[in-house]
J.: 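My questions all concern the structure below.
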Amino acid sequence: MSAPVWERTLDVGTAEQTHALGAALGAELEAGDLLVLSGELGAGKTTFTQGLGEGLGVRPGIISPTFVLVRIHPNLPDGPRPGGPDLVHVDAYRLGSAAEIDDIDLENTMDTSVTVVEWGRDRVEHLSESRLEIELHRRLGGAAPQATTSQPTAQPGAAEPGGASEPAGLDFDTDDADEPRTVVFRGFGPRWAGPPAALGRFAAPAATPETD
């Protein structure tokens, strides 16, 4: 696998800041962009993607697409970016290979949409010569992010799309909404020859020091 052109790490203190970071990045994204999200359950992938959707100006209501592999959120004509790209939100948790990614025909929407794939590492690299990889890490106990994030093994007998109940591990959890997180960005290919401007502009508010 090719090495990234650059890497940038940011710390965020709350879910609101995670959302704001996604919104700042989303405002810069273009049709054809491919984003690959990684992070354990509860790391904030869906919260971040909700921010991306806000910045892109697409229809709200972004949730984890675990039981519906692909959700398309269309651009809003009266939103902040009328005529901009749609958002295609994919969860590859139960897809075990690039061949299974091909079966869901993402190439049909790649050119006109921003495609965000959760758990997409080692599955979607063939879809585009450029991609932006984003890792979200919970910082409970002060654990530092690892160099790579492992992918779960595809599980046999996965529920069919459109299952009646939501999965138990949706990323946005109000119980840890203010939990600090570390977000690692890596750019690959000519589209991401340098970091997006949003990363340079974004600065999470400093935490208020405790007093005795």
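Positions are given from 1 along the sequence. All values derive from a computational prediction rather than experimental measurement.
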J.: Over all heavy atoms of both residues, which pair between Gly189 and Val5 is shortest? Give the atoms and the distance, please.
T.: N-CG2, 3.9 Å
J.: Closest heavy-atom contact between Thr115 and Met110?
T.: OG1-SD, 3.4 Å
J.: Should Arg186 and Glu135 count as an ion pair when the cut-off is N to O under 4.0 Å?
T.: yes
J.: To the nearest 0.5 angstrom, please state how far the CD atom of Glu7 sits from the CZ atom of Phe185.
T.: 11.5 Å
J.: With distance as the sole test, does Arg81 use its side chain to make a donor-acceptor pair with the main-chain N or O of Gly79 at under 3.5 Å?
T.: no
J.: Among Val70, Leu34, Leu35, Leu37, find the residue that satisfies the side chain to side chain contact (heavy atoms under 4.5 Å, CB included) test when tested with Val117.
T.: Leu34
J.: Let's go through Leu21 and Gln17 carefully: what are the C-alpha distance in whole Å and the side-chain angles of both, what is the deciding distance for side-chain contact (heavy atoms from CB on, under 4.5 Å) to 0.1 Å, and is it a yes or a no?
T.: CA-CA 6 Å; Leu21 177 58; Gln17 292 168 11; over 6 Å; no
J.: Once you measure the plane-to-plane angle for His89 and His73, does it fall in the parallel (<30°), tilted (30-60°) or perpendicular (>60°) bin?
T.: tilted
J.: Between the side chain of Trp192 and the main-chain N/O of Trp6, is any donor-acceptor distance below 3.5 Å?
T.: no
J.: My understanding is that only residues two or more places apart in sequence, or in another chain, count here; which of them pass side chain to side chain contact (heavy atoms under 4.5 Å, CB included) with Glu107?
T.: Asp105
J.: For Gly53 and Leu87, work out which heavy atoms get closest and say how close.
T.: CA-CD2, 4.2 Å
J.: Quick check: closest heavy atoms across Gly39 and Lys45, and the distance to 0.1 Å?
T.: O-NZ, 2.8 Å
J.: Could you measure the distance from the CG atom of Leu136 to the OG1 atom of Thr49? Nearest 0.5 Å is fine.
T.: 8.5 Å
J.: Look at atom CG of Asp111 and say whether more than 12 heavy atoms of other residues, nucleotides or ligands are closer to it than 6.0 Å.
T.: no
J.: Taking all atoms of both residues into account, what is the closest heavy-atom pair of Arg181 and Ala43, and its distance?
T.: NE-O, 2.6 Å
J.: For the pair Glu28 (side chain) and Pro196 (backbone), establish whether a donor and an acceptor sit closer than 3.5 Å, ignoring hydrogens and angles.
T.: no
J.: Quick one: NE2 on His19 to OG1 on Thr46, what's the gap to the nearest 0.5 Å?
T.: 12.5 Å
J.: Do we get Arg131 above Phe188's six-membered ring, with its NZ or CZ under 6.0 Å from the centre and within 45° of the axis?
T.: yes
J.: Checking side-chain contact (heavy atoms from CB on, under 4.5 Å) for the pair Ile101/Leu106: CA distance, chi angles, key distance, verdict?
T.: CA-CA 8 Å; Ile101 289 288; Leu106 291 179; 4.1 Å; yes
J.: Sequence neighbours excluded, which residues qualify as side chain to side chain contact (heavy atoms under 4.5 Å, CB included) partners of Ser113?
T.: Asp86, Val88, Thr109
J.: As an exercise, state the distance from CZ of Arg138 to OG1 of Thr182, rounded to the nearest 0.5 Å.
T.: 12.5 Å
J.: Working to the nearest 0.5 Å, report the span between CD of Glu16 and OG1 of Thr47.
T.: 11.5 Å
J.: Keeping Arg71 on the side-chain end and Ile62 on the backbone end, is there a donor-acceptor pair under 3.5 Å?
T.: no
J.: Tell me the closest heavy-atom pair linking Glu54 and Ala23, and the distance in Å.
T.: OE2-CB, 4.0 Å
